[in-house]
Structure formats: structure tokens, C-alpha cells
Protein chains: 2
Amino acid sequence: MHGRGWWHRRFTNHGIRMTQSREAIIDVLNGADGHLTAAEIYLKAHELNPAVGLTTVYRTLDILTEMGVVYKFEFGEGKARFELTGESTDRDHHHHLVCMKCKRIIDYSDMLGEERAFIEKIQAKLAERYDFEIRDHFLRFNGICGQCRNGSNNINFKED
Amino acid sequence: MHGRGWWHRRFTNHGIRMTQSREAIIDVLNGADGHLTAAEIYLKAHELNPAVGLTTVYRTLDILTEMGVVYKFEFGEGKARFELTGESTDRDHHHHLVCMKCKRIIDYSDMLGEERAFIEKIQAKLAERYDFEIRDHFLRFNGICGQCRNGSNNINFKED
DNA sequence: TTGATAATGAAAATCATTTTCAATAAATAG
DNA sequence: CTATTTATTGAAAATGATTTTCATTATCAA
Ligand SMILES: [Mn+2]
Ligand SMILES: [Mn+2]
Ligand SMILES: [Zn+2]
Ligand SMILES: [Zn+2]
């Protein structure tokens with residue numbers, strides 16, 4: 001969606017350097033379809049460039065989260081998951097359904113129009129009422145997926 | 001809101017025993033105003049009854065979460081926070097504003113009517129479209145609180 | 001090209017949560 | 001009430017994700 005120069009400028013404009021490790025990490029995020037743990041990102045980035053270390057993955061993800069370029073999610077697995085925000089991909093903003101049994105994560109953006117209208121309205125009210133500058137929001141539904149419901153699912157997608 | 005016997009039955013009906021430790025933990029949850037970490041709950045429960053151990057706090061919170069009696073939240077601090085659901089208190093169901101700087105957590109339930117209508121509608125659609133039995137939902141707004149915005153806030157409420 | 005310094009990776013440290021295990025207490029039948 | 005079964009307990013050790021430390025290196029503005 002954006003050329004390499006884009007990221008480079010985006011970083012250096014803020015006094016932050018664009019390094020090879022960071023580039024590898026961003027490439028991984030761009031190539032994946034979301035919801036990656038730091039360890040998973042490390043694995044792929046390290047494959048792209050063996051010089052990349054896990055520590056740097058954590059540090060880079062912090063920066064990107066701070067920049068608003070990635071979302072950091074906690075789905076109750078004891079580790080965080082990351083995915084690019086809409087800003088830097090062609091994916092729509094979306095929300096999640098999380099299966100409490102198998103931990104499967106379903107993205108949905110069906111209700112997007114409706115949701116956005118609703119969220120924006122409520123957001124404006126909250127901002128004023130609580131003197132709060134809202135940066136982003138997370139909406140998540142927990143439940144049991146179809147496969148888990150009818151027992152046809154013994155495997156836990158996220159090894160639990 | 002409920003007598004002691006209520007909890008007792010609620011547990012034993014499910015083949016789960018009501019122990020002194022569990023009673024202390026529930027008392028703490030009832031007495032507090034929400035958003036407690038396991039460690040915080042342990043401290044207070046242990047004060048109530050020195051026999052209570054931290055392990056049991058974790059185990060009990062798991063059970064209560066499973067039962068739908070408490071919500072487990074992860075606000076990005078690297079540890080979970082718990083609070084009773086509406087079912088067992090007189091507090092309304094509510095959602096959260098979280099300050100990304102000082103980690104302050106604001107409960108709001110202002111929009112409750114509107115929100116409930118919206119959530120229920122969307123929930124019905126999602127359940128059908130994704131064959132998903134929805135149990136609960138979490139809506140959270142991240143941003144910067146007033147005090148952090150105008151610099152008048154050097155302290156980090158949640159020691160960070 | 002160079003100098004100041006932001007960034008790095010490896011290893012050690014943290015810290016929340018889980019597991020193990022022998023001892024104990026809660027429910028229930030008698 | 002007592003005995004019996006077994007769920008539950010707490011302490012200590014283990015785990016696992018994330019953070020910190022620190023000496024070395026790579027980035028980039030000048
Ligand atoms: Mn997603
Ligand atoms: Mn709350
Ligand atoms: Zn499932
Ligand atoms: Zn704040």
C-alpha cells in the first residue's frame with residue numbers, strides 16, 4: 001500500500017531511525033494477516049534477517065503501537081497480539097469475535113457503517129463528559145464458536 | 001445484594017465447594033469498587049483470613065470468571081483486573097475509558113440504553129452470520145485524560 | 001566521511017500466572 | 001454427629017512473556 005520511503009520518512013521525521021531490523025519487522029506485519037504474537041513476528045523477521053533479535057521485536061512493536069501504526073490486543077492468552085491498523089494497510093478497521101473455548105479469533109467488519117456512526121456519536125459525548133481525548137476503541141464479543149458448540153472441535157487453535 | 005446462602009448454593013449446585021478462602025475472596029470483590037488485580041485481591045482477602053493463599057485467589061477468580069460472576073479485564077498493564085458483573089451487584093453493566101498515559105480507568109454507563117440497543121442488534125446479526133453464541137462483550141476507549149493532557153499530572157495512578 | 005548517539009542483540013532479571021504435591025477441609029451418606 | 005470420599009488448599013518450584021542491562025554497532029545529519 002505504501003512504498004518503502006513512506007515508512008522511512010515516517011520514522012525519521014520523528015527523530016527515530018529506520019533500521020534493518022525494523023524494516024524486517026514491518027515487512028512481516030505487512031505480509032501477515034494479523035493477530036501475531038511477538039514471538040511469531042520474531043520468528044518470521046529473524047528468517048528474513050537473522051540479525052533481528054526478539055528484544056528488538058518487542059521494542060519496535062512498542063514504538064509502532066505508540067505511533068498508532070499497529071494495534072496491540074490481549075485476548076486472554078497471557079500474551080499480546082499485534083496487527084497493523086487500517087492506516088497502513090488496505091484492510092478495513094474491524095472488531096473481533098473470540099471463542100472462549102478454542103481461542104479462535106474472527107475478524108468482522110460487516111457492521112462497519114453502522115458501528116462507525118454509533119461509535120463516533122458515543123465517542124463525542126464521552127470526550128466531552130469526561131474530558132477525555134479518545135484515540136481509539138476496541139469492541140470484542142466473547143462466546144462459543146459453532147465448531148466448539150457441537151463438539152466437532154477437539155483441537156485448540158491457539159494451543160491453549 | 002445477596003445473602004451468604006446465595007453464593008453457597010450457587011457453588012454447591014455445581015458440585016463446587018464453598019470454602020473459607022473462597023468466601024473471603026468473594027467478600028473482597030463485593031466490598032471493592034472494581035478493577036482489582038489478583039495480587040490486590042489476595043492482599044485484602046489475606047487480611048480478612050490469613051489462611052488464604054495467592055494460588056487460591058487465582059484459582060477462584062478463574063472459577064468465578066467461568067461462572068460469569070466476574071469480568072476479567074486486560075488493560076495492557078501485563079496483569080489482569082477483575083470486577084463483579086452486574087448479576088451479583090447493584091452496579092450497572094458498564095464500559096471503560098482508559099488513559100494511555102496514567103492508566104486511569106473510568107467507568108461509564110451513561111450511554112447504557114443506547115449502547116444496549118446497539119450491541120444487541122449487532123450481536124444478533126453476528127451470532128447468525130458467524131454461527132457464534134455470544135456470551136458477553138467489551139467495549140473500551142483508549143485516549144488521554146484531561147489531567148494528562150494539560151501536564152498537571154506527573155503521577156502515574158497505576159504505578160506503571 | 002565522520003561524530004554523536006540511537007539502536008542493537010544476548011543474557012540476565014522481572015513478574016504475573018501456573019503447576020506440583022502432600023496435607024486439609026467440605027460435603028454427604030449413614 | 002462421625003466417618004469417608006475427594007475437592008481444595010497453600011507453599012514452593014516452574015513457566016513463560018516481557019523488560020532491563022550493557023557493551024557493541026549502525027544510522028544519519030552535518
Ligand atoms: Mn483482527
Ligand atoms: Mn469497570
Ligand atoms: Zn471455538
Ligand atoms: Zn491520564
Side-chain angles (χ1 to χ4, degrees), chain A residues 4-5 7-26 35-43 45-67 70 72-82 103 158-160, chain B residues 4-5 7-26 35-43 45-67 70 72-82 103 158-160:
Chain A
R4 189 235 137 140
W7 286 107
H8 196 278
R9 244 172 288 120
R10 177 103 198 228
F11 275 42
T12 51
N13 281 349
H14 284 277
I16 298 172
R17 296 176 182 174
M18 175 50 84
T19 68
Q20 301 195 321
S21 289
R22 283 173 181 169
E23 207 170 330
I25 292 164
I26 290 170
H35 311 153
L36 296 164
T37 62
E40 287 165 353
I41 294 168
Y42 164 71
L43 237 60
H46 188 268
E47 202 172 300
L48 248 52
N49 175 351
V52 178
L54 178 57
T55 312
T56 295
V57 170
Y58 276 106
R59 284 189 286 227
T60 301
L61 288 171
D62 274 352
I63 292 170
L64 293 174
T65 302
E66 187 67 27
M67 286 170 68
V70 307
K72 179 180 184 179
F73 293 106
E74 288 173 278
F75 291 118
E77 307 166 289
K79 55 193 162 192
R81 290 185 177 273
F82 300 85
K103 312 300 182 197
K158 300 303 179 183
E159 76 281 0
D160 217 6
Chain B
R4 188 239 140 136
W7 286 107
H8 196 275
R9 247 173 282 123
R10 177 102 199 227
F11 275 88
T12 52
N13 281 348
H14 284 278
I16 298 171
R17 295 178 183 173
M18 175 49 85
T19 67
Q20 301 195 322
S21 289
R22 282 171 183 170
E23 208 171 328
I25 291 163
I26 290 170
H35 310 149
L36 296 165
T37 62
E40 287 166 353
I41 293 167
Y42 164 70
L43 236 61
H46 188 269
E47 201 171 301
L48 247 53
N49 175 352
V52 178
L54 178 57
T55 312
T56 295
V57 171
Y58 276 105
R59 285 189 285 228
T60 301
L61 289 170
D62 274 353
I63 292 170
L64 294 175
T65 303
E66 188 67 27
M67 286 171 68
V70 308
K72 179 181 184 178
F73 292 107
E74 288 173 276
F75 291 120
E77 306 164 288
K79 56 194 159 191
R81 289 184 177 274
F82 300 84
K103 313 296 183 199
K158 301 301 178 186
E159 76 284 359
D160 214 4

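Below, chains carry the letters A, B, ... as their sequence lines are ordered, and counting in each starts from 1.
- Put simply, CD1 on B/Ile16 is 11 Å from P on D/dT9, counting in whole angstrom units.
- In this structure, A/Thr37 reaches neither bases nor backbone, as no heavy-atom distance under 4.0 Å exists between it and the strands shown.
- In this structure, of D/dA17, C/dT20, D/dT8, it is D/dA17 that holds the atom nearest to the side chain of A/Tyr58.
- In terms of position along DNA chain C, the nucleotide closest to B/Ala39 lies nearer the 5' end than the nucleotide closest to the other residue of the pair B/Gln20 and B/Ala39.
- Atom CG of A/Leu61 and atom P of D/dA17 are 15 Å apart (whole Å).
- The nearest whole Å value for the distance from the OH atom in B/Tyr42 to the P atom in C/dA16 is 14 Å.
- A close approach under 4.0 Å does occur between a side-chain nitrogen or oxygen of B/Arg22 and OP1 or OP2 of D/dT8.
- Contact annotation: the side chain of B/Thr19 never approaches that of B/Phe11 to less than 4.5 Å [non-hydrogen atoms, C-beta and beyond].
- Across the protein-nucleic acid pair, B/His46 atom NE2 and D/dT9 atom P stand 14 Å apart, rounded to whole Å.
- What separates CG of A/Leu54 from C1' of C/dA13 is a distance of 15 Å, to the nearest Å.
- A donor-acceptor pair under 3.5 Å is formed between the side chain of B/Glu74 and the backbone N or O of A/Gly76.
- One atom, CZ of B/Phe11, and another, C1' of C/dT28, lie 19 Å apart when rounded to the nearest Å.
- The backbone N or O of A/Ala38 lies less than 3.5 Å from no partner atom in the side chain of A/Arg81, so there is not a single donor-acceptor pair.
- Here D/dC28 presents its P atom at 12 Å from CG of A/Asn13, a figure rounded to the nearest Å.
- Considering only side-chain N and O atoms, A/His8 lies nowhere under 4.0 angstrom from the phosphate OP1 or OP2 of D/dT27.
- When the nucleotides C/dT20, C/dT18, D/dA17 are ranked by their closest atom to the side chain of B/Arg59, C/dT20 comes out on top.
- Across the interface with DNA chain C, nearest-nucleotide mapping of A/Thr60 and B/Thr55 shows A/Thr60 to be the residue nearer the 5′ end.
- Between A/Arg22 and A/Ile16, the closest heavy-atom pair is NH1-CG2, 3.1 Å.
- Side-chain proximity of B/Arg17 to the nucleotides D/dT19, C/dA25, C/dT17 is greatest for C/dA25.
- Summarising the geometry, the separation between CD on B/Glu77 and C1' on C/dT17 is reported as 15 Å, rounded to the nearest angstrom.
- Judged purely by atom type and a 3.5 angstrom limit, B/Thr37 uses its side chain to pair as donor or acceptor with the backbone of B/Glu40.
- Look at A/Thr19 and you'll find a side-chain N or O under 4.0 angstrom from OP1 or OP2 of C/dT8.
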